[in-house]
Q: 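Please find one structure pasted underneath; my questions will follow.
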Amino acid sequence: MPEEVDDAAEAGLPLEAPAELSLDILRHSAAHLMAAAVCELYPGAEYDVGPAIEDGFFYNFRLPGDRHLTEADLAAIETRMRELAARRLPFRREVMARDDARKLFEGMGQSFKVAIIDRLASDVRSVGVYRTGDFIDLCRGPHVPDSSRLSAFRLLRVAGVYWRGDERNPQLQRIYGTAWFTQADLDAHLERLAEAERRDHRRLGRELELFHFDDTAPGMPYWLPNGVVVLNTLMGFAREVRGAHGYREVISPIINDKRLWEVSGHWDHYRENMFIIPVDDQTVYGVKPMNCPNAHVIYNLRRHSYRELPLRYLQLDTLHRYERSGTLHGLLRTRKFQQDDSHIFLAEEQIEDEYERILELIGLFYRTFELEYSFRLGTRPDGFLGDVETWDRAEAALLRILERHAGRDGFVVEAGEGAFYGPKIDILTRDAIGRSWQNGTVQLDFQLPRRFGCEYVDASGESRTPAVIHLAIYGSFERFLGVLIEHFAGHLPLWMAAVQVELIPVQDDVESVLAGIADLAGRLREAGLRVAVNDRPGERMQARIRDCELRRVPYVVVLGRRDVERGDDVVTVRDTRRGGTESRGVADLITRLTEEVASRRPR
RNA sequence: GCCCAAGUAGCUCAGAGGUAGAGCAACGCCUUGGUAAGGCGUAGGUCGUGGGUUCGAUUCCCACCUUGGGCUCCA
C-alpha cells in the first residue's frame, strides 16, 4: 500500500510537464478534481495531500464539524467530479512567493497546507500552486491541461488515516480512487479487482472446506480435513528438504515461565504482543510468540565444539501473537500460526557460506511454486544492540550475497528496518490484489546467544559465543498457504491437493460399473494417490462433474458401462486445471499422476 | 487500537416498527444420465450478543463481539 507522502515532493517549484501524458499525471489530476468536488460539496473541508499511487490516487480530508464521509457519499462526489470535468476547467500553474502562499492558505483555513509550507527547507523561497476552477492546491504538478481529460475514473473506498502516518496524530479521512486513460482500461482494472475477489483465499478456504475462523478464536484458524492434508503436505516438504540439508527438528513447550522471556528480552520488548497466563500468585507463563528462546535452551544443554557448527535446528511449533484486532486478515495475518522456523548456531566466519546455502534453499522452495518473490534487506535500526563494526561487517556480507543471488534489481534495501539484534533479509510475495506480504525471513543475531550465555570451544580451546541465524523460508505456513491459494486461484499443485483424483460412475446402479470404479480406486490408492469416489445418489453425472470443478479436484475420471464393456482399461480423464478431457490407459494415467506428484510440478 | 462499513437459513443475498423471504446447498421421491447445474417436494432462522425506547424491536438508540476496506503495527 502507498507510502506516506513526502511533503517536499508536494511543494516547491513546479515541475515541467513532460511531452507525454503519464498515468501518474492523470491520476494526480484526478486527485485534485476529487478534492475540488469534496470542497464544493462540503464547504470548509480541509485537504491534506493527494498523490498518484499504484493503480490510482487518493486525497486526505478533514471535514468541518466532525463530519465523516461514508462510502455512500462517494457517488455524490463522483457525480460532482464528472460535472467539473465536463466544464473543461484548465489546470492553471502559478509560482507564488512562499510567504504569499502561506497567507493564501492561512486565509482559506487550510491548516494542512500551512503546515506543509512551514516544514519546507528554509531556502525554499517560492512554491507552485495549481488552480482548477475555484480549487487551489499547493502542488508542483505536472497536470493534465484541463479537466476534460479525466473521464475514466472511479472512487473506490474511504479509509481513516493518521495525519502524516503517525498514530499519535489525529485521524483524517482518505478517499481512494482509480483513474485510467480510457473506459476500457478502467473496466479491465475493475475486472481484475473482481477476479481478485474470486481468488480471495478466505472465500476459497470456505468453499473448498480448508479452514474456518470462529468468533471465539479471532485470528486462530481451525484446519478442516481438506486443509489438514494441504498443510501437512507443505510441512512434510519442509521436513524432507530441511532434513536433507542438515536441519534437525526439535519440539519445545508452547508456554514458558516468564523468566525465559526475561532472559530473551521479549518480556521487555515484546510483551504487549504476547498472550500472558497468570498461574498463581508467584508464577506467570507466557505463550510463545517465537521459537528462538527455546532453541537457545536446547543449545545450552551441553558444551559444543566448533566442529559441530553450524548446528541447525528446525522448529515447526505453534506460535501465538496477540496482534492488534484491526490487523487480522484471514490466513495472511493470524494470531496463531506455525513456521518452518529454524535457528542455526555458527561461528562468525561461517556466516557468509551459510547464507549462500540458505539462499539456495530459498530458491528451491519458492521455485517449486513458480511464485514470484523479492528480497528486502533491513539494515541497522535506531536503538540497535551491539557495536557498529559488527553490524557493518554483517550488512556488507548480506549485501554481497544478495547481489550475487538476486542481482541488483532483485532486492531493495530498507535502511533502519533491521531487527534490533541484527540485519535481516525478508522474502516478499503478493496476494491476489497485489498487496505485498512478508513470508520468509533470514535474521542475523549476535545478541540472543550472548543473553543466553551460549558458547562453543574453538580450535585453540577458547570459549566463544556463536552467532545465530533465524531462518523461516515459507514464514508462517498459514500465510504462505493463503498466498498460494490466491496464486493458484484454488487450483493447488497435484502433490498438495486434498483429493487428487475423483471418480464418477456414469451409471450408479450398474454392478459392473461400480465394480470398475472400486477397482480403479484401489489401483490409484495403491499408487499412493488420494482418491475420492463421487457417487452421491440422485445426482446426475454432469452435476457431479461440476461439483468436482468447483472443489478444484485436479483430475476427474468418469467411468461408465461403455468403458467396462470395452474392457481395454482405458478411461476418460478430465483435467480441471487445463480444461478438457482425454482418454488414457489406466497404467499410463497412474504413471503420469505419480510422476507429477513426485516432481511436485506446480500445474 | 483508530476511521468507515457490515453481521438475516450451511452459502450468496432480499426485506421491513406488528416477531421473515429467494436462489443454491441439505433431506425425500422420481429420473440411469457420457464430461460444468434433470424434475417435484420437505425441512431449515431467538434476524451477531447484551441492554434501552416502545403496547410491540429482527427493524430505532447505546454498548460489546466478529468480519471487511484502510491507517498504525508486523519484534
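A note on names: the letters A, B, ... follow the listed sequences, proteins ahead of strands, and every chain is numbered from 1.
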Q: Examine rU32(B): is either OP1 or OP2 under 4.0 Å from a nitrogen or oxygen in the side chain of Arg540(A)? Give yes or no.
A: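 The answer is no; no side-chain N or O of Arg540(A) sits under 4.0 Å from OP1 or OP2.
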
Q: Between rU46(B) and rA9(B), how far is it from one C1' atom to the other, in whole Å?
A: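 13 Å, rounded to whole Å.
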
Q: Regarding rC71(B), can its base be found pairing with the side chain of Arg164(A) as donor and acceptor, where the two atoms are less than 3.5 Å apart?
A: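 It does not, because no donor-acceptor pair links the side chain of Arg164(A) to the base of rC71(B) below 3.5 Å.
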
Q: So Leu328(A), base contact, sugar-phosphate only, or nothing? Heavy-atom distance under 4.0 Å.
A: sugar-phosphate

Q: Would you call Pro293(A) and Val263(A) a side-chain contact if the rule is heavy atoms closer than 4.5 Å?
A: no

Q: Who is the Watson-Crick or G-U wobble partner of rA43(B), with both distances under 3.5 Å?
A: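 Pairing partner, where one exists within any strand: none, as none qualifies.
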
Q: Would you state whether a donor and an acceptor, one from the side chain of Arg324(A) and one from the base of rG1(B), lie under 3.5 Å apart?
A: yes

Q: Please work out if Leu69(A) contacts a base, only the sugar-phosphate, or nothing of the nucleic acid, heavy-atom cut-off 4.0 Å.
A: sugar-phosphate

Q: For Val506(A) and Arg562(A): C-alpha separation, side-chain torsions, deciding distance, then whether side chain to side chain contact (heavy atoms under 4.5 Å, CB included) applies.
A: CA-CA 9 Å; Val506(A) 180; Arg562(A) 295 214 295 259; over 6 Å; no

Q: Are Tyr474(A) and Gln338(A) packed together at the side-chain level, in the sense that at least one heavy-atom pair is separated by less than 4.5 angstrom?
A: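 Side chain of Tyr474(A) against side chain of Gln338(A), heavy atoms only: no contact under 4.5 Å found.
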
Q: With rounding to the closest Å, how many angstrom separate the P atoms on rA6(B) and rU19(B)?
A: 25 Å

Q: Look at the side chain of Arg574(A) and decide which nucleotide, out of rU72(B), rG70(B), rU35(B), has an atom nearest to it.
A: rU35(B)

Q: Taking any strand in view, what nucleotide pairs with rC74(B) in a Watson-Crick or G-U wobble way, both distances under 3.5 Å?
A: none

Q: Sticking with atom C1', work out how far rG18(B) lies from rA37(B), rounded to a whole angstrom.
A: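 Approximately 40 Å lies between the C1' atom of rG18(B) and that of rA37(B).
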
Q: Identify whether any heavy atom of His329(A) sits under 4.0 Å from a base atom; if not, whether one sits that close to sugar-phosphate; answer base, sugar-phosphate or nothing.
A: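 Here His329(A) touches the backbone only, sparing every base.
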
Q: Can you name the nearest heavy-atom pair linking Glu502(A) to Cys548(A), along with the distance?
A: OE2-SG, 3.3 Å

Q: Mind checking who rA14(B) pairs with, Watson-Crick or G-U wobble, both distances under 3.5 Å?
A: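 Checking every strand shown, rA14(B) finds no partner, since no pair has both distances under 3.5 Å.
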
Q: Looking at every strand, decide which applies to Thr216(A) at a 4.0 Å heavy-atom threshold: base, sugar-phosphate, or nothing.
A: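 Answer is nothing: Thr216(A) stays at 4.0 Å or more from every strand.
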
Q: Verify the contact: side-chain N or O of Tyr176(A) to OP1 or OP2 of rC71(B), cut-off strictly under 4.0 Å; return yes or no.
A: yes

Q: When the P atoms of rC40(B) and rG56(B) are considered, how many whole Å apart are they?
A: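 Per the computed distance, 45 Å lies between those P atoms.
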
Q: Rounding to a whole Å, what distance do you find between Arg62(A):CZ and rC4(B):C1'?
A: 18 Å

Q: Just the rounded figure in Å: distance from P of rG68(B) to CZ of Arg206(A).
A: 10 Å

Q: Given rG33(B), rG70(B), rG38(B), identify the nucleotide with an atom nearest to the side chain of Asp508(A).
A: rG33(B)

Q: Distance check, C1' atoms only: rU42(B) and rA25(B), in whole angstrom units.
A: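 Looking at atom C1' only, rU42(B) and rA25(B) are 14 Å apart.
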
Q: Both distances under 3.5 Å, Watson-Crick or G-U wobble: report the partner of rA63(B), or none.
A: rU49(B)

Q: With rounding to the closest Å, how many angstrom separate the P atoms on rG17(B) and rU58(B)?
A: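 The same atom, P, in both gives a distance of 14 Å.
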
Q: What contact category does Glu539(A) fall into here, base, sugar-phosphate, or nothing, at under 4.0 angstrom with non-hydrogen atoms?
A: base

Q: Figure out the OH/P separation between Tyr222(A) and rU66(B), and round it to whole Å.
A: 13 Å

Q: May I ask you to say what Arg551(A) touches in the nucleic acid, namely base, sugar-phosphate or nothing, with a heavy-atom cut-off under 4.0 Å?
A: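 It contacts nothing in the nucleic acid.
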
Q: Give one of base, sugar-phosphate or nothing for His269(A), where a contact means two heavy atoms less than 4.0 Å apart.
A: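 Since no nucleic acid heavy atom lies under 4.0 Å of His269(A), the category is nothing.
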
Q: Heavy atoms from C-beta onward define the side chain here; which of rU66(B), rG34(B), rA5(B) lies closest to that of Thr70(A)?
A: rA5(B)

Q: Would you please indicate if the ring centroids of Phe57(A) and Tyr59(A) are separated by under 6.0 Å?
A: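 Phe57(A) vs Tyr59(A): aromatic centres not under 6.0 Å.
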
Q: Reckon Asp215(A) touches a base, only the sugar-phosphate, or nothing at all at heavy-atom distances under 4.0 Å?
A: sugar-phosphate

Q: Just N and O in the side chain of Arg202(A): are any of them under 4.0 Å from OP1 or OP2 of rG69(B)?
A: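 For rG69(B), OP1/OP2 do have a side-chain N/O of Arg202(A) under 4.0 Å.
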
Q: From rG70(B), rU35(B), rA36(B), pick the nucleotide closest to the side chain of Leu550(A)?
A: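 Comparing rG70(B), rU35(B), rA36(B) against the side chain of Leu550(A), the answer is rA36(B).
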
Q: Within the 4.0 Å heavy-atom criterion, would you say Gly265(A) contacts the bases, only the backbone, or no part of the nucleic acid?
A: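 Nothing, no nucleic acid heavy atom in range.
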
Q: Could you give the distance separating rA36(B) and rC61(B) at their C1' atoms, to the nearest angstrom?
A: 49 Å

Q: Nearest to the side chain of Gln507(A) - rG33(B), rG69(B), rG38(B)?
A: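 Looking only at heavy atoms from C-beta outward on Gln507(A), the closest nucleotide is rG33(B).
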
Q: His343(A) versus Tyr299(A): any side-chain heavy-atom pair under 4.5 Å?
A: no

Q: Write down the atom of Lys288(A), the atom of Pro253(A), and the distance for their closest heavy-atom approach.
A: NZ-O, 2.9 Å

Q: Is it the case that rC2(B) (base atoms only) and Gln171(A) (side chain only) share a donor and an acceptor within less than 3.5 Å, ignoring hydrogens and angles?
A: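 Yes, a donor-acceptor pair under 3.5 Å.
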
Q: With both distances kept under 3.5 Å, what pairs with rU58(B), Watson-Crick or G-U wobble?
A: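 The answer is none; no pair meets the criterion.
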
Q: So, is Arg561(A) near the phosphate of rU32(B), with a side-chain N or O under 4.0 Å from OP1 or OP2?
A: no

Q: Tell me: CZ of Arg335(A) to C1' of rG1(B), nearest whole Å?
A: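 It is 11 Å, rounded to the nearest whole Å.
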
Q: Nearest-nucleotide wise, let me know which of Met541(A) and Tyr270(A) is further upstream toward the 5' end of RNA chain B.
A: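 Closest to the 5' end, via its nearest nucleotide, is Met541(A).
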
Q: State whether Ser325(A) places a side-chain N or O below 4.0 Å from either non-bridging phosphate oxygen (OP1 or OP2) of rG1(B).
A: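 Yes, within the criterion.
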
Q: Using the rule ring-ring contact (aromatic ring centres under 6.0 Å, His included), only one of Tyr366(A), Phe337(A), Trp437(A) pairs with Phe480(A); which is it?
A: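 Exactly one option meets the ring-ring contact (aromatic ring centres under 6.0 Å, His included) with Phe480(A), and it is Tyr366(A).
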
Q: If you pin Val564(A) and Gly418(A) to their nearest nucleotides in RNA chain B, which one's is more 5'?
A: Val564(A)

Q: Expressed as a whole number of angstroms, how long is the span from Asn534(A):CG to rA25(B):P?
A: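 For the pair Asn534(A) CG and rA25(B) P, the rounded distance is 13 Å.
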
Q: Between rU32(B) and rC13(B), how many Å separate the two C1' atoms, rounded to a whole number?
A: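 Result for the C1' pair: 35 Å, nearest Å.
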
Q: Would you say the side-chain atoms of Asp317(A) and Ser252(A) include a donor-acceptor pair closer than 3.5 Å?
A: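 Side chains of Asp317(A) and Ser252(A): pair found under 3.5 Å.
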
Q: Classify Gly330(A) by what it touches in the nucleic acid, base, sugar-phosphate, or nothing, heavy-atom distance under 4.0 Å.
A: sugar-phosphate

Q: Just do the ring-ring contact (aromatic ring centres under 6.0 Å, His included) check on Tyr421(A) and His269(A) with the steps written out, would you?
A: CA-CA 12 Å; Tyr421(A) 46 76; His269(A) 290 105; 9.6 Å; no

Q: For Asp166(A), report the nucleic acid contact type (base, sugar-phosphate, nothing); a contact means any heavy atom under 4.0 Å.
A: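 Answer is nothing: Asp166(A) stays at 4.0 Å or more from every strand.
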
Q: What's the closest nucleotide to the side chain of Ala543(A) if the choices are rA37(B), rC74(B), rA36(B)?
A: rA37(B)

Q: Please report the distance, rounded to the nearest Å, between CH2 in Trp163(A) and P in rC3(B).
A: 19 Å

Q: Thr327(A) side chain: which of rC73(B), rC4(B), rU35(B) is closest?
A: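 Of the options given, the side chain of Thr327(A) lies nearest rC73(B).
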
Q: Distance check needed: rG70(B) C1' versus Glu71(A) CD, whole Å only.
A: 9 Å

Q: Regarding rG70(B), can its base be found pairing with the side chain of Tyr162(A) as donor and acceptor, where the two atoms are less than 3.5 Å apart?
A: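 Absent.
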
